[in-house]
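Residue numbering restarts at 1 for every chain, and letters A, B, ... go by the order of the sequence lines.
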Amino acid sequence: MDPSFRDAVYQIVAAIPPGAVSSYGAVARQAGFPRHARFVGRLMSQLPKDTRLPWHRVLRGDGRIALAGTPAGEQQIQRLLDENVTVLGDRVPRQHFQQW
DNA sequence: ACTTCGGCATAAT
DNA sequence: GATTATGCCGAAG
């Protein structure tokens, strides 16, 4: 895989404004690799804990929180709530999705 | 019109 | 080969 893909992903995730969310698949598409949603998820899972990247604004395509029920998922939900994003159960309404 | 679930496609941090 | 912080689609309740 082109290593620039990773940097493109970081750049795109960093550009998601507070209060908005996107999805792994959408980020992959915007990075120029339409079928690499899983790879984006892998990148997110391996970010250092002190990263400045807003990884919590990246959800599944249907708005569900990845890893809901695990500590990481709970922290993601908490971060979203702190930004004034509504989270119902383990999902975020489409209203918050960044539209292109 | 919901929600689940199973199966398949995808690629390698 | 097995395992994913995915996505899509069809079937069933």
Side-chain angles (χ1 to χ4, degrees):
Chain A
M1 177 58 53
D2 188 341
S4 67
F5 176 52
R6 187 192 61 187
D7 299 323
V9 168
Y10 289 157
Q11 200 172 4
I12 290 163
V13 172
I16 302 174
V21 296
S22 189
S23 74
Y24 300 101
V27 170
R29 282 196 305 276
Q30 290 157 38
F33 293 81
R35 283 170 215 87
H36 293 47
R38 301 186 79 121
F39 185 54
V40 174
R42 186 174 296 255
L43 282 178
M44 295 300 102
S45 74
Q46 291 168 2
L47 289 171
K49 77 168 190 181
D50 59 348
T51 181
R52 306 185 295 108
L53 235 63
W55 54 269
H56 56 282
R57 303 194 186 122
V58 186
L59 317 172
R60 288 200 181 194
D62 57 4
R64 291 198 342 256
I65 307 279
L67 296 183
T70 74
E74 296 307 311
Q75 190 193 187
Q76 180 173 17
I77 292 175
Q78 190 53 58
R79 286 202 186 203
L80 289 172
L81 292 175
D82 288 346
E83 306 193 326
N84 215 20
V85 173
T86 61
V87 181
L88 293 77
D90 62 347
R91 346 187 45 176
V92 172
R94 324 210 95 184
Q95 196 76 359
H96 288 289
F97 272 73
Q98 189 162 137
Q99 47 228 270
W100 305 91

Q) Given D7(A) and Q11(A), is the side chain to side chain donor-acceptor pair (under 3.5 Å) satisfied, shown in steps? A) CA-CA 6 Å; D7(A) 299 323; Q11(A) 200 172 4; over 6 Å; no
Q) For the side chain to side chain contact (heavy atoms under 4.5 Å, CB included) test, which of V87(A), V85(A), V92(A) pairs with L59(A)? A) V92(A)
(Q) Ignoring hydrogens and geometry beyond distance, is the side chain of R42(A) in donor-acceptor contact with the base of dT4(C) at under 3.5 Å? (A) yes
Q. Closer than 4.0 Å, any side-chain N/O of R60(A) to the OP1 or OP2 of dC8(C)?
A. no
Q | Value in whole Å for how far the C1' atom of dA11(B) lies from OH of Y24(A) | A | 17 Å
Q: Flag the pair D62(A) and R60(A) as a salt bridge only when some basic side-chain nitrogen lies within less than 4.0 angstrom of an acidic carboxylate oxygen.
A: no
(Q) Taking donor-acceptor contacts at under 3.5 Å, does the side chain of R38(A) reach the base of dT6(C)? (A) yes
**Q.** Atom-to-atom span, CZ of R35(A) to P of dT10(B) - whole angstrom
**A.** 7 Å
Q. Over how many whole Å does the gap from D62(A) atom CG to dC2(B) atom C1' extend?
A. 13 Å
Q. What integer distance in Å separates R91(A):CZ from dT4(B):C1'?
A. 11 Å
Q) Quick one: on DNA chain B, does R64(A) or H36(A) contact a more 5' nucleotide (nearest heavy atom)? A) R64(A)
Q: Calculate the interatomic distance between R29(A) atom CZ and dA9(B) atom P; express it in whole Å.
A: 20 Å
Q: Remember a base hit wins even if backbone is also touched, and classify T70(A) as base, sugar-phosphate or nothing at under 4.0 Å, heavy atoms.
A: nothing
Q. How many Å lie between CZ on F39(A) and C1' on dA11(B), as a whole number?
A. 8 Å
